[in-house]
Amino acid sequence: MSKGISKGTAVVLCVLSAATAFNASYLVMNRYYQNKLPDYEANNAIYGKLGEIRERVDDLYVGEYDVQDAVDMACVGFVTGVGDRWSSYMSKEEYESYTTSLEGQAFGIGVYTTYDQQENRLRIIEVYEGSGAEEAGLKHGDEIVGAGDKTLEKDGYQAVIDAIAGDEGTDAQVMIRHADTGETETLAIERREVTATMVTGKMLDDTTGYIYIYNFHQHADEQFEKVLNELLNQGAQKLIFDVRNDPGGSVEVLANMLDPLLPEGTIMTLRAKDGTENVYSSDAEALDLPMAVLVNADSISAAEFFAAALQEYGKAIVVGEQTIGKGYSQRTYPLSDGSALRLSDNEYFTPQGKSLIGTGVTPDISVDLPAEKAQDFYFLAPEDDDQLIAARNALS
């Protein structure tokens with residue numbers, strides 16, 4: 001949900017509006033919670049208060065409100081009130097979009113972009129294979145300056161993004177400023193469903209392979225295997241993995257990506273609230289090359305665990321900044337109306353049994369990236385990237 005609200009506001013909205021949704025299931029929930037005292041008493045108090053407030057709102061509120069919006073905000077408020085930054089509620093529309101994203105599918109003109117709010121620049125990081133953007137000749141570093149009759153300068157970021165959105169098979173009129181020439185032109189770009197690029201790779205020199213991992217969503221492991229093999233076939237004798245600014249993703253995908261890099265043993269242990277454990281393991285085959293992993297404060301979840309596992313097995317040196325320290329994994333639970341609850345339901349532990357909560361991963365070589373370079377991270381040349389330079393030197 002894109003509506004910005006404070007935690008306090010969300011909880012208040014929860015109280016004001018949730019009764020609309022909860023009343024319909026009140027009797028069923030009552031019967032369920034009668035067997036779960038004292039939860040039953042707590043729920044009676046909650047529903048009673050919500051009922052009182054809803055009655056006042058319906059009787060006295062002079063404006064109009066959308067019931068579904070109120071219910072969605074109520075759910076946001078409740079989950080926010082739990083106090084876990086990693087748990088969240090998704091409306092039906094948000095859940096559908098989230099599911100598509102996790103499956104590695106992207107819908108639109110087929111680009112991955114970054115928006116610099118300070119400079120009001122919308123720049124292209126990746127152009128997806130088979131997309132309308134690729135067909136139109138868009139490149140890394142090109143800027144989107146407008147779409148339809150909207151421009152960033154006059155109408156702002158969201159208006160341009162909304163103008164690019166549309167039905168599959170139709171064209172978006174997109175104004176592009178090309179990075180190589182500085183020239184601006186308007187192109188008709190077809191909207192298609194394409195597979196997102198989640199892993200990229202290149203040779204930095206004759207012997208050093210570089211792999212950037214955008215996320216660990218579904219199919220990222222397949223892309224990782226393909227890129228890794230391509231670099232090995234090109235003669236890579238050492239590897240640098242980059243998970244800076246990577247928000248994480250699937251535990252299963254993470255385990256699949258670590259397996260060919262680690263010796264036989266435990267990759268990760270997940271522990272649920274009732275104490276049950278799920279252990280992911282690697283086989284005996286392990287890549288035997290010098291390796292490094294680049295991390296920063298925005299290497300989150302699976303990204304920092306990727307670095308931690310390689311570090312603990314002594315398979316790679318970690319270079320960069322202290323990571324955030326996320327130690328819970330989440331699972332998404334669909335709800336009856338098509339919305340969903342994403343809930344932290346497992347704590348995870350490194351191969352050595354350590355939790356990352358509150359500590360994160362400490363680099364073997366600490367290197368900060370200056371603020372101006374961090375701002376331009378996706379467009380840095382290798383020779384200007386202090387952290388990448390440090391990793392290359394460590395492997396030389």
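These values consider heavy atoms only, across backbone and side chains, with no hydrogens, waters or symmetry-generated copies.
Separation of atoms CD1 (Ile144) and CZ (Arg177) is listed at 12.0 Å; rounding is to 0.5 Å. To the nearest 0.5 Å, atoms OG1 (Thr114) and CD1 (Ile125) are separated by 4.5 Å. Distance check, rounded to the nearest 0.5 Å: CG of Leu388 to CD1 of Ile240 gives 5.0 Å. We find the CZ-CZ distance between Phe349 and Phe305 to be 10.0 Å, quoted to the nearest 0.5 Å. Note that the OG1 atom of Thr200 and the OH atom of Tyr112 stand 11.0 Å from one another [nearest 0.5 Å]. Interatomic distance, CD of Glu321 versus CG of Leu369, reported as 7.0 Å (0.5 Å rounding).
Ala308 and Val361 get closest at one heavy-atom pair: CB-CG2, 3.7 Å. The minimum heavy-atom distance between Tyr95 and Pro334, with the atom names listed, is OH-CG, 3.4 Å. What you find for Ala394 and Ile317 is that their closest heavy atoms are CB-CD1, 3.1 Å. Pairing each heavy atom of Gln223 with each of Val199, the nearest pair is OE1-N, 3.2 Å. When all heavy atoms are compared, the tightest approach of Ile189 to Ala133 is CG2-N, 3.5 Å. The shortest non-hydrogen separation linking Val251 to Ser329 is CG2-CB, 4.2 Å.
Counting heavy atoms from C-beta on, the side chains of Gln330 and Ser344 come closer than 4.5 Å. Residues Lys202 and Pro382 form a side-chain contact, since some pair of their non-hydrogen atoms from C-beta on lies under 4.5 Å apart. Residues Asp337 and Gln68 are in side-chain contact: their nearest non-hydrogen atoms beyond the backbone lie under 4.5 Å apart. Looking at heavy atoms from C-beta onward, Leu254 lies in side-chain contact with Met268 at the 4.5 angstrom threshold. With a 4.5 Å cut-off on side-chain heavy atoms, Leu287 and Leu232 count as touching. The shortest distance between side-chain heavy atoms of Tyr98 and Thr332 falls below 4.5 Å. The side-chain heavy atoms of Glu264 and Asp283, taken from C-beta on, include no pair separated by under 4.5 Å. Contact of the Leu261 side chain with the Phe241 side chain is registered, since non-hydrogen atoms from C-beta on lie closer than 4.5 Å.
No donor-acceptor pair closer than 3.5 Å links the side chain of Glu143 to the backbone N or O of Gly182. Side chain of Asp259 to main chain of Ala255: no donor-acceptor pair is present (N/O by atom type, distance under 3.5 Å, no hydrogens or angles). A donor-acceptor contact shorter than 3.5 Å links the side chain of Glu304 to the backbone of Lys326. Without hydrogens or angle criteria, Ser299 side chain to Val243 main chain gives a donor-acceptor distance under 3.5 Å. Of the possible donor and acceptor atoms, one in the side chain of Gln311 sits under 3.5 Å from a partner among the backbone N and O of Thr362. The main-chain N or O of Gly327 is never found under 3.5 Å from a side-chain atom of Ser355 such that the two would form a donor-acceptor pair. Between the side chain of Arg191 and the backbone N or O of Gly169, no donor-acceptor pair lies under 3.5 Å. In this structure a side-chain-to-backbone donor-acceptor pair under 3.5 Å is missing from Asp221 to Met257. In this structure a side-chain-to-backbone donor-acceptor pair under 3.5 Å is missing from Thr276 to Ala272. A donor-acceptor pair is defined here as one N or O able to donate and one able to accept, closer than 3.5 Å; such a pair exists between the side chain of Glu134 and the backbone of Gly130.
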In sequence, state the C-alpha distance, the side-chain angles, and the governing distance for Leu289 and Lys238, and then conclude on side-chain contact (heavy atoms from CB on, under 4.5 Å). CA-CA 5 Å; Leu289 292 177; Lys238 44 194 171 183; 5.6 Å; no

Checking Asn346 against Arg331 for the side-chain contact (heavy atoms from CB on, under 4.5 Å) test, could you report, in this order, the C-alpha distance in whole Å, the side-chain angles of both residues, the deciding distance, and whether it holds? CA-CA 8 Å; Asn346 275 273; Arg331 187 174 301 172; 4.1 Å; yes

For side-chain contact (heavy atoms from CB on, under 4.5 Å), just list the numbers for Tyr348 and Leu356, CA-CA rounded to whole Å, side-chain angles, deciding distance to a tenth of an Å, and then say yes or no. CA-CA 8 Å; Tyr348 54 68; Leu356 298 179; 4.3 Å; yes

Quick one, Arg121 with Asp376, criterion salt bridge (charged side-chain N to carboxylate O under 4.0 Å, His left out). Give me CA distance, side-chain angles, the key distance, then yes/no. CA-CA 11 Å; Arg121 298 177 72 189; Asp376 208 37; 5.5 Å; no

Apply side-chain contact (heavy atoms from CB on, under 4.5 Å) to Val194 and Ser131, showing your working. CA-CA 6 Å; Val194 295; Ser131 67; 4.0 Å; yes

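Residue Ile161 is grouped with residue Ile176 when hydrophobic side chains (ILVMFWY) are merged at heavy-atom distances under 4.5 angstrom, including chains of intermediate members. Tyr210 and Ile365 fall within a single hydrophobic cluster, where Ile, Leu, Val, Met, Phe, Trp and Tyr side chains are chained together by heavy-atom contacts under 4.5 Å. Note: the hydrophobic cluster containing Ile300 does not contain Leu343 (ILVMFWY, side chain heavy atoms under 4.5 Å, direct or indirect links). No continuous path of ILVMFWY side-chain contacts below 4.5 Å connects Trp86 to Leu270, so the two sit in separate hydrophobic clusters. Taken together through direct or relayed side-chain contacts under 4.5 Å among Ile, Leu, Val, Met, Phe, Trp and Tyr, Val71 and Tyr61 form part of one hydrophobic cluster.
Dense packing is recorded around CD of Glu185, with more than 12 heavy atoms of other residues, nucleotides or ligands lying under 6.0 Å away. Within a 6.0 Å radius of CG in Asn233, more than 12 heavy atoms belonging to other residues, nucleotides or ligands are found. The neighbour count for Glu183 CD, taken as heavy atoms of other residues, nucleotides or ligands under 6.0 Å away, does not exceed 12. Within a 6.0 Å sphere centred on CD of Glu252, heavy atoms belonging to other residues, nucleotides or ligands number more than 12. Within a 6.0 Å sphere centred on CD of Gln158, heavy atoms belonging to other residues, nucleotides or ligands number more than 12.
Taking Ile, Leu, Val, Met, Phe, Trp and Tyr as members and joining any whose side-chain heavy atoms lie under 4.5 Å apart, directly or through other members, the hydrophobic cluster of Met175 also contains Val145.
At a cut-off of 3.5 Å, with distance as the only test, no side-chain donor of Ser91 or Asp72 sits close to an acceptor on the other residue. Side-chain contact of Asp345 with Tyr328: a donor-acceptor pair under 3.5 Å is absent, judged by distance alone. Side-chain polar atoms of Tyr65 and Asp58 form a donor-acceptor pair below 3.5 angstrom. Side-chain contact of Gln352 with Thr350: a donor-acceptor pair under 3.5 Å is absent, judged by distance alone. Side-chain contact annotation: Arg342 with Ser88, donor-acceptor N/O pair under 3.5 Å absent.
Taking the charged nitrogens against the carboxylate oxygens, Asp162 and Lys150 have no contact shorter than 4.0 Å, which rules out a salt bridge. With respect to Arg392 and Asp385, no salt bridge is recorded, no charged nitrogen being found less than 4.0 Å from a carboxylate O. The pair Asp386-Lys373 counts as a salt bridge, with a side-chain nitrogen and a carboxylate oxygen less than 4.0 angstrom apart.
Here ring pair (Phe, Tyr, Trp, His ring centres under 6.0 Å) pairs that include residues 375-396, with residues two or more places apart or in two chains, are His140-Phe379.
Ring-plane geometry between Phe224 and Phe306 is classed as perpendicular, the angle between the planes exceeding 60 degrees on a 0 to 90 degree scale with a lower cut at 30. The aromatic rings of Tyr214 and Tyr212 stand perpendicular to each other, their planes meeting at an angle above 60°, with 30° marking the opposite boundary.
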